[in-house]
Structure formats: structure tokens, C-alpha cells
Amino acid sequence: MSLIGSLLRRRDIWKRIGTERLTEPLHLNVIALLVAAFGNTRAKIAFDLLVRQQHAYALLHGADLARSQGLRQVTVVELGVGAGTGLLNLCQLAERVERETGVHFHIVGFDTGAGMPPPTDYRDHPELYASGDYTMDRQALVAALPPDARLILGDLSETMGDFVASITPDAPLAFVTLDVDFYSSTRHALDLLTGPPNCYFPYVNVYVDDVALPTHTRYAGEQLAMSEFNDANDLRKLEFDRFLVHSRVFKHAEWLSHMYKLHVLDHPRRNDVARAGGVRVENPYLPR
């Protein structure tokens, strides 16, 4: 069975189509059908027509940022791989975006490899997640990964430091998808965002998965860990991307409410106070 066929058998997909797409203007849905039939990768991403729209958007955006700075490669990280569906989706989309932009992706997935560990306390949302959830078929997943994608398995407190030290300015971190569920795991996962500033773009798109269920709260889980990260780091701030919705064709897509930005306030490009200016804006109210 094809991937699209498998997805269309899921009730939650049809519910999402009903609540997201069918509440949008009819003419946009008609245009989307034409784009689906005849559009290129960039157009399909603009109309949210590729599976896992958040991945497609962020990969293309990261590639465009790289091109604007004369870079030809970037790094993308998934924190919490589980069965590997998201990681393989990232790999497939990266191939399409690379053909569109010429920018190459190094994709890395972090996971325990053995499912989730035991929750520590209420901050880990034990009402939602339990020890052993989200196991993977490690051998099959590794065999399915393309050459420039890899898995790093183990406790994040032990694996993240060496990886952060390996990121280089010629392939900076361009996108992060955060899906480790627990507060305790997220605290270590966010160490990914604390490396040298030139190993990131001035801002980095971060998709935060675990913020939408009824008991998710900013006092537990990933949101609490992000709040503590902001408190602990004066020059690195995670902030909800509240203006992204205004640049998208479809405004009701749920993934938009999961998109954050890491602002790298110590990035060299955000501290070049001697940069030459000269922008001139015409005033149409003045006589010519």
C-alpha cells in the first residue's frame, strides 16, 4: 500500500482535512488541486501538499537561508525518533528540497533506541506517556536510512554534548523537531541549542510536538523545559512563531501552532553594529 493510501485510511487524517482544509476559502482549495497536479516542490510546500507540512516548510526555509548566506549544506535534527516515521519523512523531503535548491541536508535522529524511560514525576506527564512507549525496529530503520542520515542512540544527557561539539559553521543547524515528550528528557535535548553561535543561523525553526493534548501545560513537559531554557540562557531564546500564520496560504493548519524559533542573539550577524546601511524608502506624499 502506498504512503498516501495508508494515510487516507486513518480517521484522524480525515478529521484534520475536515477541520483544516474544508474551513478554508473554496478558491484556495481549488487552486491547491491545480498545484497538486502541476506545481513544483516549492509550490506544493506553499500550499501544504506534502506529508508532514512542518517538515517540508522548515527544510525549504532552512535551504533558502543557507543559499542567502552562500552555504551549500545544513544540519537537521529530530529529537525523539520512535518508530522512525518522522525521520524517514525528513529524509524523503530533504531529497526533494535538495533538488529544488541545491542545498544538501545532514539529518540526525536522537533516541534511546529502547522506547521511553520511566517518567520521573508529574512534570513528565505520566498520564500521557509511559515507560516502553514508542519503541523502534532499530535494524530495519538503520537499513532504510540514506547515507547522509544517521541515528544516535542512548541517553540524551550522554550523547548530546559530543554532537553539539561536532556541528560546524559550514553546515549549521537549520531545523529541529522536538518530540521527546518528557520534561526530564527535553531538558537534555535542549542542550542542542547551546553550541557556538556561528554553528546556527541567526534563528532556527523548531517544531515542538507535545503541546496540544488536553493536559499539556507550560508547567510541565516540553513547555516547562523550554521556559527553564529561556531563563537559563540570556542570549538564546525559544519563542512561539506567532507571525508565521500570516505568511501561509492556509491559516487553519494545526502544525502552525507548534512552530517556534530559537533566536540566537549572540550570532555574529545579530551583533554587527558597524554594518554599513543606506536603505532608502520613497515617500509618495512628497512632491517629485
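Side-chain atoms are counted along with the backbone in the values below, which use heavy atoms only and exclude waters and symmetry mates.
Residues L178 and V180 have side chains in contact (heavy-atom distance under 4.5 Å, counting atoms from C-beta outward). Proximity of P172 to C199: side-chain heavy atoms (C-beta onward) are nowhere separated by under 4.5 Å. Looking only at side-chain heavy atoms (C-beta outward), N89 and V51 come within less than 4.5 Å of each other. Looking at D181 and D179, their side chains come closer than 4.5 Å, going by heavy atoms from C-beta outward. Looking at heavy atoms from C-beta onward, L262 lies out of side-chain contact with K237 at the 4.5 angstrom threshold. Between R269 and P197 the shortest side-chain heavy-atom distance does not fall below 4.5 Å. You'll find the side chain of C91 stays beyond 4.5 Å of the side chain of F105, heavy atoms only. No side-chain heavy atom of V103 sits under 4.5 Å from any side-chain heavy atom of V97.
The residues R96 and E98 are annotated as not salt-bridged, no charged nitrogen and carboxylate oxygen being separated by less than 4.0 angstrom. A salt bridge between R138 and D111 is absent, with no side-chain N of the basic residue lying under 4.0 Å from a carboxylate O of the acidic one. We find that R248 and D48 are joined by a salt bridge, their nearest charged nitrogen and carboxylate oxygen being less than 4.0 Å apart.
Checked against a 6.0 Å centroid threshold, the rings of F163 and F110 count as neighbours.
For the 3.5 Å distance criterion, the side chains of H55 and Q53 fail to qualify, holding no donor opposite an acceptor. Side-chain atoms of E127 and T215 include a donor-acceptor pair closer than 3.5 Å. Side-chain N/O atoms of Q73 and H106 include a donor and acceptor closer than 3.5 Å. With hydrogens and angles left out, the side-chain atoms of E228 and Y183 include a donor and acceptor closer than 3.5 Å.
With a 6.0 Å radius and a threshold of 12 heavy atoms from other residues, nucleotides or ligands, R21 has its CZ atom above the threshold. Counted within 6.0 Å of CZ on R236, heavy atoms from surrounding residues, nucleotides or ligands total more than 12; the atom is thus considered enclosed. Under a cut-off of 6.0 angstrom, the local environment of CZ in R218 is sparse, with at most 12 non-hydrogen atoms contributed by other residues, nucleotides or ligands.
A donor-acceptor contact shorter than 3.5 Å is absent between the side chain of D234 and the backbone of L265.
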From CA spacing to verdict: side chain to side chain donor-acceptor pair (under 3.5 Å), H104, D148: CA-CA 9 Å; H104 184 66; D148 283 324; 2.5 Å; yes
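Between A63 and T101, the shortest heavy-atom contact is CB-OG1, 3.5 Å.
Sorted by first and then second residue, the pairs that involve residues 60-82 and meet ring pair (Phe, Tyr, Trp, His ring centres under 6.0 Å), not counting sequence neighbours, are Y57-H61, H61-Y203.
Note that the CZ atom of R242 and the NZ atom of K261 stand 9.5 Å from one another [nearest 0.5 Å].
By the 4.5 Å side-chain criterion applied to Ile, Leu, Val, Met, Phe, Trp and Tyr, L28 is assigned to a cluster that also includes I31, V35, F47, L49, V249, F250.
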